[in-house]
Protein chains: 2
Amino acid sequence: MPEQLPGHRPTLEAVAERAGVSRATASRVVNGGDGVRAHLVEKVREAVLELGYVPNPAARTLVTRRTGAVAVIIAEPEIRIFSDPFFSRQIRGISKELTAHDTQLVLLLVEDRGDYDRIERYLAGGHVDGALAFSLHTDDPLPAITRRVGMPTVYGGRPGWTAGSGEHGGIAYVDADNRGGAREAVRHLLDRGRRRIAHIAGPLDQTSAVDRLDGYRDVLLDADPALIAEGDFTATGGAEAMAALLERCPDLDAVFAANDLMATGALRVLRERGLAVPADVALVGFDDAELVAETADPPLTTVRQDIEGMGRLMAQLLLRTLNREQGDRAVPASVVTPTALVRRGSS
Amino acid sequence: MPEQLPGHRPTLEAVAERAGVSRATASRVVNGGDGVRAHLVEKVREAVLELGYVPNPAARTLVTRRTGAVAVIIAEPEIRIFSDPFFSRQIRGISKELTAHDTQLVLLLVEDRGDYDRIERYLAGGHVDGALAFSLHTDDPLPAITRRVGMPTVYGGRPGWTAGSGEHGGIAYVDADNRGGAREAVRHLLDRGRRRIAHIAGPLDQTSAVDRLDGYRDVLLDADPALIAEGDFTATGGAEAMAALLERCPDLDAVFAANDLMATGALRVLRERGLAVPADVALVGFDDAELVAETADPPLTTVRQDIEGMGRLMAQLLLRTLNREQGDRAVPASVVTPTALVRRGSS
DNA sequence: CGGGAGGCTGAGAGCGCTCCCGGCGAACGG
DNA sequence: CCGTTCGCCGGGAGCGCTCTCAGCCTCCCG
């Protein structure tokens, strides 16, 4: 590519002049070249290359009312956000899909509740065409905001308050089959002959945690409530929950943890107490988190979900909505992706 | 905030009309209100509120030639990117600082080498005012790109090829005092009476790994080369390196790992071999990674760096550069932040 | 009381692009 | 050979904003 010319960047006007055509024709070529005779297309392309022309996105946005950018809103006040590989992989999937469609990713991190004003102003300002948001908690103000400013939004993870469609059209989301995956995990433990199967749940203000707990209960209809402890999706939380469970039910012979991080915490506590995994206690996690599940000792049996694929799906859903005609108000259907049990040494 | 009005968003023109002033005056008020009489300011502010006016960023950018956005380029093809808490915390710091200055964060993930063309086009397109980039490898094409398109850039971590100032002005970066921190770690092990101190280095195409190795050598001038093994900053890599070290030097009595993730891998191998930490082998890590160093068993002695602060610093440096007058070509000075040894149970 | 200075305001140009629409030439049918 | 259609191109308006500059009005000083 040519060096930046001194002074200002070349404009479409300059390209047109050099190619000996009008600005309109130059614009047509830059945007695909339909309806322009071949030799003119060629001339304009040359001029673009020679001048090192790059379209000015602001000018383009001003008239098309499209920014070619999408906001990714992460409203997780905790450190988890990135350190949980879950988010990183989902973002990676999103990024790939957006990139493939020449769309930019604007990252909006929410630190505290006051930030929501900023988010609202930002979305209302028309900086982006749509938004992707994650794992809402039950009282999250985000849906109200996106609705108010009319911003097309796709959520990652089923939102808390809407089982079906809300009052004003449903909300689009992409989620894994948490409940089904949990069922499979527990059934697997039953198949292994386990009878006192405990569950370390995630924070129950998140639907993924609730769904996994529900899946556990689906299979263990008469489960002893003492066999259920709530964690917070971190290793430390998992360890604490495990300790509490052992206190209450020393006879347990299996644990289904709602994610792999908590499973590793549980693993540590079990080892400390001299309990062998899986001989004394079988353990199953959830997520198949890289650098965690496989490298655990013993490697974790876990429920895999295609996290990166879910990210891609979120982006696809959003982009499809954005590319619909203006009048078309239909909300895209939500998608639930399948899970799969991965058997390793811990069960 | 008022609901989105039917049809189009209100423009500055509409605000001006409603307030009974000219568009110019309305603009002045929206941008701070200097030099406008108080009662007019009041009137315009009211009109803004009543109409729910939000400035159109594209129009503004078109004339000011400022986008109010900064690119964060992450060119780490590995999974590490986010799962290494290092990046997440740095991004968090960056995000905080940018938010405080009303600047947006555009995330650019580089998946493979072909992506660099896309990055170059993006930067050349003037979508952003500046860029922040991370941990360059020695042959990274990024510096050439940012220079070519004249994009102000601050790097996280000292770039590989430029010890001092390059041919055309130096490159601004923010880095921790890796070498000094490493020296302190090794001295600490010496103070504990250790004499056969091994080092698990990071990938030596990254300057942070090189600097930490150099710090190790600064203190152990006559270190046995067999005591040094190269890892890759992951737990698995650390485990492999540890195994290799034990193979070569069964008599080692201490290990300084170039990061905490590798230290945990080493820890696992040591335990497997029946070696007690710190009784048989003392262990020191680097980073003070959350959810890793403190929760390890035993908790890791490690070298803490203020990662989030480094992120903030990167953003500050960049913003300062951007707010300089156009003519001022000076590159901001790079910053090296201090480290501190945190003593825990592993040494 | 006149003149100059200085503070506010408004008119208007213009940022770089897209897209509507009118015109023009070629092609084709009668 | 003329009228009509159709494909292609250029002129020009306009997206919403900022900013310069000229003009006005007030105030102060001589």
Apply salt bridge (charged side-chain N to carboxylate O under 4.0 Å, His left out) to A:Glu42 and list each qualifying residue two or more places apart in sequence or on a separate chain. none
What residues, two or more places apart in sequence or in another chain, satisfy side-chain contact (heavy atoms from CB on, under 4.5 Å) together with A:Glu17? none
Rounded to whole Å, NE2 of B:His127 lies from C1' of C:dG16 at a distance of 14 Å
Can you name the residues that form a side chain to side chain donor-acceptor pair (under 3.5 Å) with A:Thr67, not counting sequence neighbours? A:Asp129
Of the options D:dC17, C:dC17, C:dT18, whose atoms approach the side-chain atoms of B:Leu12 most closely? D:dC17
Between B:Arg60 (CZ) and D:dC17 (P), how many Å, whole number? 8 Å
Nearest-neighbour nucleotide for the B:Val63 side chain, C:dC17, C:dC15, C:dA11 considered: C:dC15
Once you round it to whole Å, what is the distance between P of D:dC17 and CZ of B:Arg66? 19 Å
Against the side chain of A:Thr64, the closest entry in C:dT18, C:dC17, D:dG12 is C:dT18
What integer distance in Å separates A:Asp34:CG from D:dC8:P? 10 Å
Under the salt bridge (charged side-chain N to carboxylate O under 4.0 Å, His left out) test, which residues partner A:Arg320, sequence neighbours left out? none
Below 3.5 Å is the cut-off: list the nitrogen or oxygen pairs between protein and nucleotides 22-27 of chain D, distance only.
none

Quick one: side-chain contact (heavy atoms from CB on, under 4.5 Å) partners of B:Val41, sequence neighbours excluded? B:Val29, B:Val36, B:Arg45
Without decimals, in angstroms, what is the distance between B:Leu51 CG and D:dG16 C1'? 15 Å
If you restrict it to nitrogen or oxygen atoms, what contacts under 3.5 Å exist between nucleotides 5-9 of chain C and the protein, and what is each distance?
from	atom 1	to	atom 2	distance (Å)
C:dT9	OP1	B:Arg37	NE	3.1
C:dT9	OP1	B:Arg37	NH2	3.4
C:dT9	OP2	B:Gly35	O	3.4
C:dT9	OP2	B:Arg37	N	3.2

For B:Ala19, the side-chain contact (heavy atoms from CB on, under 4.5 Å) test, sequence neighbours excluded, returns B:Val21, B:Lys43, B:Val44, B:Ala47
Hey, what do you get for OG1 (A:Thr103) to CG (A:Leu318), rounding to the nearest 0.5 Å? 8.5 Å
Tell me which of B:Ser27 and A:Gly20 sits closer to the 5' end of DNA chain D, going by the nucleotide each one is nearest to. A:Gly20
Which pairs count as salt bridge (Lys or Arg N to Asp or Glu O under 4.0 Å) when at least one residue sits in residues 19-34 of chain B, sequence neighbours excluded? B:Glu13-B:Arg23
dist B:Ile74:CD1 -> B:Leu107:CG (nearest 0.5 Å) comes out at 5.0 Å
Among D:dG10, C:dC17, D:dC17, the one nearest A:Tyr53 by side-chain distance: C:dC17
Any chance you could measure B:Met314, atom CE, to B:Phe134, atom CZ, to the nearest 0.5 Å? 4.5 Å
How bent is the helix from C:dC1-D:dG30 to C:dG30-D:dC1, comparing axes over its five end pairs at each side, to the nearest 10°? 50°
Distance check: side-chain N/O of A:Thr61 vs OP1/OP2 of D:dC15, anything under 4.0 Å? no
Whole angstrom is fine here: how far is it from CG in A:Leu62 over to P in D:dA13? 17 Å
Hey, is the side chain of A:Asn31 poking within less than 4.0 Å of OP1 or OP2 on C:dT18, counting only N and O atoms? yes
Non-neighbouring partners of A:Ser22 that pass side chain to side chain donor-acceptor pair (under 3.5 Å), sequence neighbours left out: A:Thr25
Please check the phosphate of D:dC9 (OP1 and OP2 only) for any side-chain N or O of A:Arg23 closer than 4.0 Å. no
Taken in chain and number order and not counting sequence neighbours, the residues that satisfy salt bridge (charged side-chain N to carboxylate O under 4.0 Å, His left out) with B:Arg18 are B:Glu50
